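What follows is a set of notes on a single structure, which appears directly below.
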Amino acid sequence: MAKSAAQSAAARVRELRQQIDHHNYRYHVLDDPEVSDAEYDRLMRELKALEGEYPDLITPDSPTQRVGATPVSELQEVVHARPMLSLDNAFLDEDVVAFDRRVRERLEDVEQVEYAAEPKLDGLAISFRYESGRLVQAATRGDGLRGEDVTHNVRTIKAVPTMLRGAAPKLLEVRGEVFMLIAGFKAMNQRALERGERTFVNPRNAAAGSIRQLDPRLAAGRPFDVFFYGVGETEGWKLPAKHSEALQQLREWGLKVSPLLKIVQGAEGCLHYYRDIGAKRASLPYEIDGVVYKVNRFVQQRELGFVARAPRWAIAHKFPAHEENTIVKGVEFQVGRTGALTPVARLEPVFVGGVTVSNATLHNMDEVRRKDVRIGDTVVIRRAGDVIPEVVKVILERRPKNAVEVELPKKCPICGSDVEREEGEAVARCTGGLFCAAQRKEALRHFASRRALDIDGLGSKIIDQLVEGEKVPKKVRSPADLYRLTAEDYAALERMGEKSAANLVEALGRSKQTTLARFLYALGIRDVGEATAAALANHFGSLEPLQEASEEAIQEVPDIGPVVAAHVHTFFRQKHNREVIAALRAVGVTWKDQQRRVAAAEGPLTGKTFVLTGSLDSMSRDEASDRIVALGGKVAGSVSKKTSYVVAGAEAGSKLAKAQELAVEVLDEKQFLKLLQSG
DNA sequence: GATCCTCGAGTTCT
DNA sequence: CTCGAGGATC
């Protein structure tokens with residue numbers, strides 16, 4: 001009786017493992033799950049329960065054994081049966097052309113070479129050994145000849161099958177890249193930060209660190225993924241004629257291959273592929289540092305052979321690096337429109353991500369202390385998918401003895417006024433107000449900016465001269481002064497010809513006809529940005545009632561609380577500000593009072609919130625957002641659970657990753673246009 | 001009182 | 001784009 005129960009348990013265990021392996025394959029390799037996560041969990045729980053009852057049935061390749069294997073005391077050395085080679089690097093198009101030429105010269109009678117091209121992932125190269133379809137060993141690349149045994153950790157990666165599907169050969173050693181998804185990496189870092197644990201600089205380091213852990217419980221649950229890209233030692237498998245065909249066979253065995261793998265012809269095909277992937281780079285959910293081209297036919301590969309430790313039949317074509325090291329030469333403090341003092345690191349110029357970077361913001365003193373940046377330090381600079389360079393961290397081992405700590409200045413570097421930092425606030429401010437030339441300049445620049453009065457041709461070089469100006473009849477102190485200068489006055493400035501001066505006066509004339517919302521925004525009231533200015537304009541309809549409104553009345557406006565209301569109220573109580581406003585109206589700045597509007601326009605998109613990222617082909621982001629609002633939708637700046645859609649254009653950045661993390665629906669340009677049309 | 005969602009402000013380089 | 005902080009909501 002007991003025996004037959006054990007027998008049926010064994011059968012059920014086999015059945016469950018088969019099902020779970022199948023669902024893993026659907027989920028991780030095909031990206032097309034058949035069952036819900038809940039159903040999957042139910043199968044896992046049943047298997048665990050049975051194995052708990054009959055421990056004899058537990059085998060190392062059971063899906064339950066991925067997590068919770070016992071820690072190892074040290075990583076064992078593994079000698080690779082076939083060396084894991086490194087690749088030659090190409091940085092320029094010419095390098096690729098030269099590579100292709102060398103290949104053709106060695107292969108006589110071949111006019112055009114076929115290459116298999118795929119992205120080069122920024123992860124960790126691993127060799128996986130399957131014996132009779134069963135994963136028996138996973139090892140790091142190491143120096144190429146010997147690596148470290150990391151089987152215990154690799155077993156916890158769900159995308160790595162512990163058992164191959166179908167008829168597997170007696171021995172199959174495959175190579176693949178283990179990497180971390182950016183979204184998962186960020187979430188993991190965030191959690192670590194909240195718990196006060198150490199964080200990782202980038203997904204690559206996180207992957208390498210996790211895989212080399214001794215305790216697999218630390219690696220389990222980390223957001224790993226894997227793509228297999230090559231074959232090592234085999235037994236009982238007759239290799240097909242082409243590399244791409246071999247990868248196709250790996251796919252059928254359940255080993256995940258990059259979906260971006262492509263067959264291309266000649267150097268031209270390679271370069272075309274490089275640009276194509278380069279354009280997609282920022283929107284991929286993982287980091288890549290280039291693409292790899294491999295001669296596709298195995299016969300040709302064998303004919304080409306190797307030099308030293310790199311094959312002659314493959315090359316890695318690198319993208320410009322995202323991260324570089326450089327030295328902090330100094331830290332200066334910039335003064336912004338509101339008087340905020342911002343520390344900026346002056347760097348030894350360094351080429352990162354396609355441009356030369358010589359400055360990077362440090363945001364505020366808290367940030368300086370948190371990262372512990374000192375003058376003389378060597379730092380890691382990153383230009384991720386975004387544009388703005390960032391100091392990632394200090395390389396402490398390279399800190400010179402005479403490194404200087406950054407001190408917050410006591411006096412404003414521009415005007416010499418006292419610097420104050422409110423209790424509990426991150427920013428320090430110059431107290432000089434409009435006495436400070438930096439604040440006057442920034443206020444003018446803000447006034448002229450595109451989203452304010454949009455005065456073309458009034459750049460910072462011109463503003464500098466107007467404010468400090470030797471060559472101006474009267475120094476410009478407020479925006480109203482701008483309208484009193486003539487074309488001749490402007491033409492007298494450095495780097496200003498008659499034509500530019502005429503254009504500027506023309507632009508000033510155009511700017512006089514504006515809207516209340518833009519005007520309020522242009523005034524530069526603290527904490528009043530575009531959205532708040534629009535809310536004030538909608539609520540009050542015209543300027544006079546707002547100027548006379550009490551703090552309480554201002555707080556009636558949606559999204560305005562006591563702090564902002566106080567700023568607005570104080571602004572209009574000040575004599576100087578009222579004079580500037582009167583002067584602006586006197587020179588002809590005007591707008592149509594708008595209807596007081598309570599609700600937004602009704603439309604097919606009412607209740608939907610959109611977030612835009614990347615650039616669209618058919619319209620600018622401003623146009624896109626106008627069209628959404630016209631149909632009753634809302635456009636927000638950041639992705640949250642309440643976001644209905646993220647519209648991702650070319651070179652979408654971190655918002656796309658965030659959307660994927662929160663499972664918010666993502667629309668590409670086509671789908672977005674369709675939605676607009678149907679509305 | 002805590003948490004989430006938005007907005008504002010400052011920033012790089014070509 | 002990122003960070004900090006104000007406002008709303010539970």
Side-chain angles (χ1 to χ4, degrees), chain A residues 186 189-190 193-194 282 320 322 332-347 349-368 370-371 381-392 421-430 438-439 441-443 445-446 449 451-452 459-460 520-521 523-536 554-568 609-615 621 634-644 651-658 662 664:
Chain A
K186 285 192 175 155
N189 251 358
Q190 186 60 40
L193 199 66
E194 281 159 13
H322 274 327
E332 284 171 22
F333 285 81
Q334 287 180 0
V335 183
R337 172 166 66 86
T338 61
L341 261 70
T342 308
V344 177
R346 304 284 173 217
L347 307 167
V350 61
F351 195 71
V352 194
V355 300
T356 306
V357 170
S358 40
N359 302 305
T361 178
L362 294 168
H363 297 111
N364 55 54
M365 287 309 290
D366 287 353
E367 186 87 353
V368 171
R370 191 158 48 232
K371 290 186 173 155
I381 298 294
R382 172 166 54 201
R383 262 184 102 229
D386 54 350
V387 199
I388 294 167
E390 171 196 14
V391 173
V392 180
R421 185 174 169 185
E422 301 251 340
E423 199 70 34
E425 287 222 324
V427 293
R429 290 179 201 278
C430 157
Q439 293 189 47
K441 284 180 194 170
E442 293 304 313
R445 202 204 309 242
H446 174 77
S449 66
R451 316 190 93 96
S460 50
L520 289 174
Y521 173 64
L523 291 175
I525 306 166
R526 184 96 89 79
D527 282 339
V528 178
E530 263 189 300
T532 310
L536 285 168
I554 298 171
Q555 276 201 58
E556 294 290 302
V557 181
D559 291 337
I560 291 190
V563 176
V564 177
H567 283 149
V568 174
T609 306
F610 290 72
V611 172
L612 305 170
T613 179
S615 52
R621 267 165 66 163
K634 248 181 74 176
V635 179
S638 53
V639 182
S640 71
K641 276 188 297 191
K642 292 190 178 168
T643 309
S644 321
E651 292 178 35
S654 66
K655 287 181 203 165
L656 180 57
K658 178 95 181 171
L662 296 176
V664 169

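Owing to the predicted nature of the structure, the values given are computational and were not obtained by experimental measurement. Order of the sequence lines fixes the chain letters, A, B, ..., with proteins taken first and strands second; residue numbering starts at 1 for each chain. Atom set for the values below is all heavy atoms of this structure, side chains included, hydrogens, waters and symmetry mates excluded.
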If the cut-off is 4.0 Å, is [X] near the phosphate of [N], judged by side-chain N/O to OP1 or OP2?
X: A:T361; N: C:dT2; result: no
X: A:N359; N: B:dC13; result: yes
X: A:N364; N: C:dC3; result: no
X: A:Q334; N: B:dT11; result: yes
X: A:R526; N: B:dC7; result: no
X: A:T532; N: B:dG8; result: yes
X: A:T338; N: B:dG10; result: yes

- prompt: With A:E556, which residues qualify under salt bridge (Lys or Arg N to Asp or Glu O under 4.0 Å), at least two apart?
  reply: none

field: ring pair (Phe, Tyr, Trp, His ring centres under 6.0 Å) partners of A:F610, counting only residues at least two apart
entry: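 Ring pair (Phe, Tyr, Trp, His ring centres under 6.0 Å) list for A:F610, sorted by chain: A:Y645.
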
task: Could you tell me which residues satisfy ring pair (Phe, Tyr, Trp, His ring centres under 6.0 Å) with A:H446, sequence neighbours excluded, listed by chain and number?
output: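 Once residues adjacent in sequence are excluded, the partners of A:H446 under the ring pair (Phe, Tyr, Trp, His ring centres under 6.0 Å) criterion are A:Y521.
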
- request: With sequence neighbours left out, write down each residue that passes side chain to side chain contact (heavy atoms under 4.5 Å, CB included) with A:A438, or none if nothing qualifies.
  value: A:V335, A:I414, A:C436

field: Nearest-neighbour nucleotide for the A:P562 side chain, C:dG7, B:dA9, C:dG4 considered
entry: C:dG7

task: On DNA chain B, check which nucleotide each of A:A340 and A:T356 is closest to and give me the residue with the more 5' one.
output: A:A340

- prompt: Which residue lies toward the 5' end of DNA chain B, A:R337 or A:R346, if each is placed at its nearest nucleotide?
  reply: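 That would be A:R337.
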
message: Ignoring hydrogens, what is the shortest heavy-atom contact between A:A533 and A:L520? Give both atom names and the distance.
response: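 Closest approach of A:A533 to A:L520: O-CD1, 3.9 Å.
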
Atom pairs under 3.5 Å: protein N/O with N/O of nucleotides 1-5 of chain B:
none

task: Provide the full list of side chain to side chain donor-acceptor pair (under 3.5 Å) pairs with a residue in residues 354-365 of chain A, sequence neighbours left out, each pair given once.
output: A:R346-A:N359

